Amino acid sequence: MKKTIIGALALVASMTMNAQNAPQLRADNISEVIAAMTLEEKAQLLTGGGNDGFVGSGAMLGHQKKIVAGAAGLTVAIPRLGIPATVVADGPAGVHIDAHRDGTTQTFFATGFPVGTCLASTWNTDLVYQVGKAIGNETLEYGVDVILGPGMNLHRSPLCGRNFEYYSEDPVVTGLIGTAMVRGIQTQGVGVSAKHFAVNSQESDRTRVDERLSKRALRELYLRGFEMMVRESKPWTVMSAYNKINGQYAQGSKDLLTSVLRNEWGFDGIVMTDWIGKRSDLPTELEVAAGNDLMMPGYPAQVDDIVQAVKQGRLDIKDVDRNVRNMLEYIVKTPRFKGYAYSNQPDVKAHARITRQSSTEGMVLLKNEPLTVGGERVLPVKNLKQVALFGVNSYDFFSGGLGSGCVNVPYVVDMVQGLKNVGVTTTSQLTEIYQNYVKYAKAKLKADKNPEMWFLDQGQPKLDEIEITRRCVDHEQAVADAAIITIGRQAGEGLDRQIEGEFNLTDHEKAMIARVSDAFHAAGKPVIVIINSGSMMETASWRDRVDAILVAWQPGQEGGNSVADVLTGKANPSGRLTMTWPISAADVPSTKNFPQDPEYYNLTEKLYGGYMPGVNFTNHEEDIYVGYRYFDTFKRKVAYPFGFGLSYTDFEMSKPTAKVAGDNVELTITVKNVGKTAGKQVAQVYVKAPKGACEKPAKELKAFAKTRDLQPGESQTLRMTVPRRLLTSFDEAGDQWKGDAGTYTFLFGENVENIKAQAAVKLGTLTEKVTDALAPRQALQLLHQ
């Protein structure tokens, strides 16, 4: 017994001495620390620090309580080596953490910024950079090291439930806006995790769906925005997507995570998995070897997987050490490692002003007609005293989407408050009806909620619209100067949108628009529609009934104020669409290969059978013809073209120039305000490339710039640079980027259909060899001209 005690004391003394002698992590001794780590410690560092949340939709929704309550997850601390835990939190639209915490009355609200579609619709990279700085500051001051965003996936389909988090159907818009956001956030000494890498184009069966596409579509569309952002902004981290790409999980693809991301693009940060945990059909050691440095949210079984795989020779310790080095290089950059004393009190008032400016500039005016022939256009409204405010979302205004991308905000300015703040009242009877209904509907929704619809606990779910009778409408018309109808749409993580009732209007909404328009127009009064949605919707069947349509998106917590600023002319709308709005969902070529079953959660047998097209696998038969590339090339009519947006003033473009400067083409265009109101204009530059071996779209966006606020008669010359390599197509046969020799015509326009000026240059051939990666395993029936 005595010998046992002595032996135990000796072991404790030895461990204490080892801990005292162990190197303590610094930026300049990472190799020494790696050499001192045990295999178990290395495996722990590559596995997240666990999660207090729950499983939903086949994935873990991060929601842990340690260090920063409500953050998405942690990395593991190893005190023996001076390695602290670091904190990652959700949210492209702001910091997603718990606003209320046990043991304190202090609140921890974060600013709700506009969703991705609204920010991108500003076409203003300087403004997006400022939004990024504000998000980064809140990330820092709330004790978070990395925010999980921005969302960099494309709008392949108008039905994707997560489009609100993403920027555009176009990779150049995605790349430039994403670059600005990442740069802004990382100025604050915190990092981003750009997501979801790659081809995360649907939510249905998102953890397993096989996205099948050509290498050309993969490179030119789905990777190009990521590539631009990685090369230009150096993100701290990238998040590997749940889904498969051509039969191979993104999280297990060495081609994607190492050959392309690191070796071709020069990425030197860490790759973390999306919140999947231990996969049953993808061994942990394959994820590590592929280049995932951090398994999130982290399960103990994954630590054991790594240890056993090394010991049994299934995982090379060199791969483990490489990932550990990446992790340590990340950790030494973090505020947590540097001992930053975060305040838990960011300047939310200043950030509210930033979100109001950015949401206002991202709103897109789709329609603005006069009530009478030859009369003034309806917007901006003049001498408006009282309005009849229709639609549930006028009173329950959406600031953001559902799921991990939502933000726990201190308030949301609805339409009632926003109008009141500019001196416009709402009719009392209608306001009382809707406000009472909203209270009832929220209570009922909570009682009836399907437990599988876990995302409804994260954000504002959509309340059903109510019937408004003709008698009620007539009463409102008699006392109101105008009618405003808000049409709301909600979407989010875990579930895609349906055509009927989500992309299209519901029966109640159709009846409401018809009744309101008939009554108010009979009295010579205007009808204005506000679209409060992060995603597009059908408009062609009802737009002729109303006088003005303003897309407010999901504009953040100041939404009602921003809408009021635009309606009253305090702000001139300068947002432009970053996606094509089709006449119908069926017009979009991806629709036939996109999941469309409202009973998705009751499809267990088919789902796990693995034979559901659009769910278990999706064939990208539209190939490179996504969005305007399809509609413009094949000359299909649309409701509103890519890049479209109206203003309260008029602009002209002149003096276009294009010249070769080294490896770039330098462009200029002069924009003049020829109207009567100050405003901003976006110059969009499309390129018509010479014919070559590759079939090409009619034209493709390659650059854009936005003017400052121009006074009537004022001009500004905008300057843009297009890298020569951005004027290439992907040659699958040669696994290379290839720019054909010939004349490249640069088309300067207001949108893809409205070109105002052009200039041309002659370029020689350019080729750039890349990795043969992620080739399709099934034959695809691809769309061709």
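For clarity, every value in this text was computed on a predicted model and none was experimentally measured.
- Here the CZ-CZ distance, from Phe617 to Arg212, works out to 5.0 Å after rounding to the nearest 0.5 Å.
- Between Thr174 and Ser168, the side chains place no donor N or O within less than 3.5 Å of an acceptor N or O (distance only, hydrogens not considered).
- Counting all heavy atoms, side chain and backbone alike, Leu667 lies closest to Ala658 at CD2-CB, 3.5 Å.
- Applying the side chain to side chain donor-acceptor pair (under 3.5 Å) definition to pairs two or more places apart or across chains, those involving residues 281-292 are Ser240-Asn292, Tyr249-Asp281, Thr284-Asp305, Glu285-Arg314.
- Among all heavy-atom pairs drawn from Glu732 and Ser214, the shortest one is OE2-CB, 3.3 Å.
- The pair Asp316-Lys318 fails the salt-bridge criterion, with no side-chain N (NZ, NE, NH1 or NH2) lying under 4.0 Å from an Asp/Glu carboxylate O.
- When the side-chain hydrogen bond (donor to acceptor under 3.5 Å, both in side chains) test is applied to Asn124, the partners found at least two apart in sequence or on another chain are Glu361.
- Sparse packing is recorded around CG of Asp663, with 12 or fewer heavy atoms of other residues, nucleotides or ligands lying under 6.0 Å away.
- Applying the side chain to side chain donor-acceptor pair (under 3.5 Å) test to pairs two or more places apart or on separate chains, those with a residue in residues 755-769 are Arg725-Glu768.
- With salt bridges taken as basic N to acidic carboxylate O contacts below 4.0 Å, none links Asp740 and Lys691.
- The CG atom of Asp90 sits 8.5 Å away from the CD1 atom of Ile147 when rounded to the nearest 0.5 Å.
- For Gln781, the CD atom is loosely surrounded, since the number of other residues' heavy atoms within 6.0 Å does not exceed 12.
- Looking at Lys688, its side chain never comes within 3.5 Å of a backbone N or O of Leu747 through a donor-acceptor pair.
- Smallest separation of non-hydrogen atoms from Ala241 and Gln251: O-CG, 3.0 Å.
- Side-chain atoms of Thr578 and Trp123, non-hydrogen and from C-beta on, do get closer than 4.5 Å to each other.
- A search for side-chain contact (heavy atoms from CB on, under 4.5 Å) contacts involving Ala760 returns Thr743, Thr745, not counting sequence neighbours.
- Applying the salt bridge (charged side-chain N to carboxylate O under 4.0 Å, His left out) test to Asp126 and every residue at least two apart in sequence or in another chain returns nothing.
- Salt bridge annotation for Asp319-Arg322: present, with a cationic side-chain nitrogen under 4.0 angstrom from a carboxylate oxygen.
- Taking 4.5 Å as the limit, every side-chain heavy atom of Leu213 sits out of range of all side-chain heavy atoms of Pro776.
- Counting only heavy atoms from C-beta outward, the side chains of Cys694 and Arg216 approach each other to under 4.5 Å.
- Cation-pi contact between Arg206 and Tyr242: absent, since separation from the ring centre below 6.0 Å together with deviation from the ring axis within 45° is not met.
- Checked by atom type and distance alone, the side chain of Gln202 pairs as donor or acceptor with a backbone atom of Ser204 at under 3.5 Å.
- Residues Val752 and Tyr686 are in side-chain contact: their nearest non-hydrogen atoms beyond the backbone lie under 4.5 Å apart.
- Within the 3.5 Å criterion, the main-chain N or O of Ala698 finds a donor-acceptor partner in the side chain of Thr633.
- Using a distance-only test at 3.5 Å, with no hydrogens or angles considered, no donor-acceptor pair links the side chain of Lys42 to the main chain of Val324.
- The backbone N or O of Leu148 sits less than 3.5 Å from a side-chain atom of Lys195, completing a donor-acceptor pair.
- Closest approach of Phe267 and Trp236 over heavy atoms only: CZ-O, 4.0 Å.
- The backbone N or O of Val209 sits nowhere less than 3.5 Å from a side-chain atom of Asn243 that would complete a donor-acceptor pair.
- A distance-only check finds a donor-acceptor pair linking the side chain of Arg636 to the backbone of Phe634 [under 3.5 Å].
- Counting only heavy atoms from C-beta outward, the side chains of Gln186 and Val192 approach each other to under 4.5 Å.
- Every pair passing salt bridge (charged side-chain N to carboxylate O under 4.0 Å, His left out) that includes a residue from residues 179-189 is listed here, sequence neighbours excluded: Arg183-Glu232.
- Not a single donor-acceptor pair under 3.5 Å links the side chain of Asn323 to the backbone N or O of Gly291.
- Partners of Asp731 under the salt bridge (charged side-chain N to carboxylate O under 4.0 Å, His left out) rule, at least two apart in sequence or in another chain, do not exist in this structure.
- Scored by the salt bridge (charged side-chain N to carboxylate O under 4.0 Å, His left out) test, Arg724 finds no partners at all (sequence neighbours excluded).
- Between Glu227 and Pro171, the closest side-chain pair of non-hydrogen atoms is not below 4.5 Å.
- Under a 4.0 Å N-O distance rule, the pair Glu700/Arg629 qualifies as a salt bridge.
- For residues 740-785, the set of pairs meeting the ring-ring contact (aromatic ring centres under 6.0 Å, His included) definition, not counting sequence neighbours, is empty.
- Counting only N and O atoms by type, the side chains of Arg325 and Ser31 include a donor and acceptor under 3.5 Å apart.
- A side-chain donor-acceptor contact under 3.5 Å links Arg576 to the backbone of Ser574.
- Within the 4.5 Å cutoff, no side-chain heavy atoms of Tyr640 are placed close to those of Met536.
- The pair Lys215-Asp772 counts as a salt bridge, with a side-chain nitrogen and a carboxylate oxygen less than 4.0 angstrom apart.
- Proximity of Glu750 to Met653: side-chain heavy atoms (C-beta onward) are separated by under 4.5 Å at one or more points.
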For a quick test of your reading: what N or O donor-acceptor pairs under 3.5 Å do the side chains of residues 153-162 make, sequence neighbours left out?
| from | atom 1 | to | atom 2 | distance (Å) |
| --- | --- | --- | --- | --- |
| Asn153 | OD1 | Tyr166 | OH | 3.3 |
| Asn153 | OD1 | His196 | N | 2.9 |
| Asn153 | OD1 | His196 | ND1 | 3.3 |
| Asn153 | ND2 | His196 | O | 2.8 |
| His155 | NE2 | Asn163 | O | 3.0 |
| His155 | NE2 | Tyr166 | O | 3.2 |
| Arg156 | NE | His620 | ND1 | 3.4 |
| Arg156 | NE | Glu622 | OE2 | 2.6 |
| Arg156 | NH2 | Asn619 | O | 3.4 |
| Arg156 | NH2 | Glu622 | OE1 | 3.3 |
| Arg156 | NH2 | Glu622 | OE2 | 3.4 |
| Ser157 | OG | Leu159 | N | 3.0 |
| Arg162 | NE | Glu165 | OE1 | 2.4 |
| Arg162 | NH2 | Glu165 | OE1 | 3.4 |
| Arg162 | NH2 | Ser404 | OG | 2.9 |

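- Evaluation of the side-chain contact (heavy atoms from CB on, under 4.5 Å) rule for Asn751 yields Pro641, Phe644, Gln684, Glu753, Asn754 as partners, not counting sequence neighbours.
- Smallest separation of non-hydrogen atoms from Phe730 and Asp735: CZ-CA, 4.0 Å.
- The pair Asp145-Lys333 does not meet the salt-bridge criterion, since no charged nitrogen lies less than 4.0 angstrom from a carboxylate oxygen.
- Judged purely by atom type and a 3.5 angstrom limit, Lys696 uses its side chain to pair as donor or acceptor with the backbone of Pro690.
- For the 3.5 Å distance criterion, the side chains of Thr86 and Thr75 qualify, holding a donor opposite an acceptor.
- Judged as a side chain to side chain donor-acceptor pair (under 3.5 Å), the pairs with a partner in residues 254-263 (not counting sequence neighbours) are, in order, Arg262-Asp293.
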